[in-house]
Amino acid sequence: MRRILVTGGAGFIGSNFVLYMRKAHPEDRLIVLDRLTYAGNLANLIGLEEGPEYSFIRGDINDLDLVSGIFRKEEPDVVVNFAAESHVDRSILGPGEFVRTNINGAFTLLEAARACFGANPAKRFIHVSTDEVYGSLGPEGAFTEETPYSPNSPYAASKAASDHLVRAYHHTYGLAAITTNCSNNYGPFQFPEKLIPLMIINALKGKELPVYGDGQNVRDWLYVADHCSAIDTVIEKGRAGETYNIGGRSERRNIDIVGLICSLIDERAAADKKLKEAYPFEGSRKGLIRFVKDRPGHDRRYAIDCTKMEKEFGWTQKAAFEEWIKKTVDWYVENRDWWERIISGEYMGYYETQYGGRMSGRAPAKG
Ligand code: NAD
Ligand code: DAU
């Protein structure tokens, strides 16, 4: 039995990871530490019961006493750090919290791990990071593990800083640390501020669909369950001190993703009388698309070269984007309670700040 401390385990990827590990390795003890910020949601972990296999602790990774106490009591074999402020737009509105959690919080966790793990190679520290640390790509090429760091947003810069700390703790203190850099995730339990859930929910409700700039920005989409299986692989097989890129091999332009979501929801509503009654809408939802003022410093293109994961470990994505996005749309349609509760709360304050003055954007040309 391994004891795995999962920080940020009530967020989008963290909760998917906890649920994934519960099934894949039922013998492991999972200890979730999460501050439950706006993005943390215990509803994501419903069905898990406190006991020998699982504990939830509400707390801040910046709290050294708390974190050290957890290390002493639980004696984890593995730490997986998901805890972070994760939304680029929020980092532009207010970067302070990103520095606090993503840099200082990671530092605090590393200090606690150093004191407890030392240079024991059997005790692993997995730091979950992002492809955004590499900056923006032109039309060709993809980020490899050797691509120099060039972060462009306060969010990306804060993640880059934490990646450097992780690297330094391995080189200086021998901590068996590994960093993973992944591309854009999507799937169940993603907070509605992010592109895919935001567009699904707005399209269902017949609200305008705000596409930043010209909609030609490209992201490499990774289904969250594929990401979880990659982290599971890295825990078991990853080499200490290494970094691993994890991607979806699914580059898509934002405008194409939004168009596809519109078509999928139009089709579902046409086939489902109850859904059509709940969310009446005439015509194609593509008519809701609006090009709005761009995100400042908006990175043009991300693409991950995940050859290292594929060659070293035989890891790969389980299905193609078109299949996973359909499943994702279905999940949001079938789990309306989950997101209705979120969007009826303080989230709407953020939505007004972010989109209120922007919605006068133009619709795409017909055809
Ligand atoms: P999220 O915002 O959905 O969840 C973050 C979680 O961390 C929340 O549960 C929140 O309550 C918790 N948290 C925040 N501050 C905390 C603190 N100080 N102490 C303890 N808990 C705290 O994020 P996500 O999308 O699940 O991302 C998880 C990790 O993966 C992040 O490190 C992010 O940078 C990285 N990542 C995300 C993506 C993506 O597409 N979502 C892609 C690449 C990397
Ligand atoms: O690449 C990995 C990163 O992916 C993670 O590190 C971040 O935590 C995660 O939030 C995500 O960052 P992005 O900025 O790429 O994701 P977001 O969903 O915010 O935006 C995806 C693209 O869609 C981006 O080009 C901006 C655009 N966009 C986003 C929103 C919210 C729009 O056009 N309109 C929108 O309303």
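Note that ligands are numbered from 1 as they come in the structure, with each ligand's atoms numbered from 1 the same way. When a residue number appears, it is its place in the shown sequence, counting from 1.
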What are the two closest heavy atoms between Arg249 and Ile304, and how far apart are they?
->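 Minimum heavy-atom contact is NH1-O, 4.4 Å.
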Region of His298 that comes within reach of ligand 2 [heavy atoms, distance under 4.0 Å] =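 For His298, only side-chain atoms sit under 4.0 Å from ligand 2.
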Residue selection (non-hydrogen contact nearest [atom]) among [options]:
atom                    : options                      : answer
atom 16 (O) of ligand 2 : Asn184, Asn202, Asp214       : Asn184
atom 33 (C) of ligand 1 : Phe12, Tyr155, Phe17         : Tyr155
atom 29 (C) of ligand 1 : Phe82, Phe98, Tyr186         : Phe82
atom 21 (C) of ligand 2 : Val258, Leu195, Val133       : Leu195
atom 43 (C) of ligand 1 : Gly105, Gly8, Cys182, Ala156 : Cys182

Which atoms of ligand 2 are found less than 4.0 Å from any heavy atom of Asp131?
->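 So the answer, numbered in order with elements, is 1 (O), 2 (C).
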Considering the heavy atoms of Tyr355, write down every atom of ligand 2 situated less than 4.0 Å from one of them.
->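 Counting from 1, the qualifying ligand atoms are 30 (C), 31 (C), 35 (C), 36 (O).
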Ligand 1 and [X], any nitrogen or oxygen pair closer than 3.5 angstrom?
X      : value
Glu85  : no
Asn81  : no
Thr130 : no

Quick one: does [X] get an N or O within less than 3.5 Å of an N or O on ligand 2?
X      : value
Tyr155 : yes
Ser183 : no
Thr130 : yes

Contact between Glu193 and ligand 2, counting heavy atoms under 4.0 Å?
->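 True for this residue.
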Could you tell me the separation between the CE atom of Met309 and the CG atom of Asn245, rounded to the nearest 0.5 Å?
->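 Answer for the CE-CG pair, Met309 versus Asn245, is 10.0 Å.
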State if Ser15 counts as touching ligand 1 under the rule of any non-hydrogen atom under 4.0 Å.
->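 The answer is no, since Ser15 has no heavy atom less than 4.0 Å from ligand 1.
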